[in-house]
Amino acid sequence: MVDKIPSIRCQTCASRKKSVFCDLGEEHFKELDDAKVFNHYKPKQFIFYGGNQPCGVYCVFSGKVKIFKTDPEGHQQIVRLAGPGDILGYRSLLACEPYAANAEALEEVSACFIDRRTFNHILETHPVTTFRILSSLAQDLGKAELQVINLAHKNVRERFAELLLILKKKYGEKSSKGIRLKIALTREELAELIGTTQESVIRLITEFKNDGLVAVERRDIFLLDIPKLVKTANLPE
């Protein structure tokens, strides 16, 4: 069960500029404020489960969420990571299908739940937001296709280097030790992001440290040589 905390107005929300709702007017923001439920999730707490029917969408205010699938043997594959401003569950809602994956808080997460009726009315009456939703769907599809291609054509070393560069783009922060990834992922979660084993990721981290690509302090990863990471990932420079 989630912990409810006092709501924050959509128009003054710190994550609004990152959201598909960023261009709404005062009337639509009031509609969201009147309808939404603002909840707090603890680390490892599920926001929704795969197989359940969606009743609305979730807009992340703070914290990070992993969206993942589990195969019959219990192995997890992380589909994507979400953070402030991202919305969750919209594809299943629009397709009138059960959730295809689970959403779990990686850390303390606050998120707004917006019911189906309100969400659909926003899309029907605000074309710019509809376009942003379509753009998000297209980007997610592109990322999913790239993930399939990488699993088929890239070795695990290349996939791990590319993952670090993707995390840098979204969570990278300059520091005196290099570019710090502001996301605390376990070795198991890193493995789930590239479709390999925890043991392989531990070995790769050691190799990358020895090659001067990264430095590690506990769960913090610092990227030391971006050009060399790009080359290792077999990406165009």
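In what follows, residues are counted from 1 in the order of the sequence shown.
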Just verifying a value: how many Å separate [X] [atom1] and [Y] [atom2], rounded to the nearest 0.5 Å?
X	Y	atom1	atom2	value
I67	I47	CD1	CD1	7.5 Å
S135	D140	OG	CG	9.5 Å
S176	F222	OG	CZ	7.5 Å
K36	E31	NZ	CD	12.0 Å
I78	L106	CD1	CG	7.0 Å

Using 30° and 60° as the class boundaries, would you call the ring planes of F21 and F119 parallel, tilted or perpendicular?
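Rings of F21 and F119: perpendicular, as their planes differ by over 60°.
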
I would like to know whether D23 and R132 meet salt bridge (charged side-chain N to carboxylate O under 4.0 Å, His left out); could you show each step before the answer?
CA-CA 10 Å; D23 294 309; R132 288 186 178 278; 2.7 Å; yes

Run the salt-bridge test on E207 and R203 with the 4.0 Å N-O cut-off and return the result as yes or no.
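Looking at R203 together with E207, the answer is yes, because their closest N to O distance falls below 4.0 Å.
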
Would K177 and D220 pass as an ion pair if we require N to O under 4.0 Å?
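No salt bridge links K177 with D220.
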
Closest approach of Q11 to R16 (non-hydrogen atoms, all atoms of both residues)
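Heavy atoms of Q11 and R16 come nearest at O-NE, 3.1 Å.
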
Shortest non-hydrogen contact from A82 toward K170
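The pair with the smallest heavy-atom distance is CA-NZ, 4.4 Å.
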
In this structure, are over 12 heavy atoms from other groups packed under 6.0 Å from K69 atom NZ?
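At most 12 heavy atoms, drawn from other residues, nucleotides or ligands, come within 6.0 Å of this atom.
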
Assess whether atom CZ of R116 is packed by more than 12 heavy atoms of other residues, nucleotides or ligands within 6.0 Å.
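Counting neighbours around CZ of R116, more than 12 heavy atoms of other residues, nucleotides or ligands fall under 6.0 Å, so yes.
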
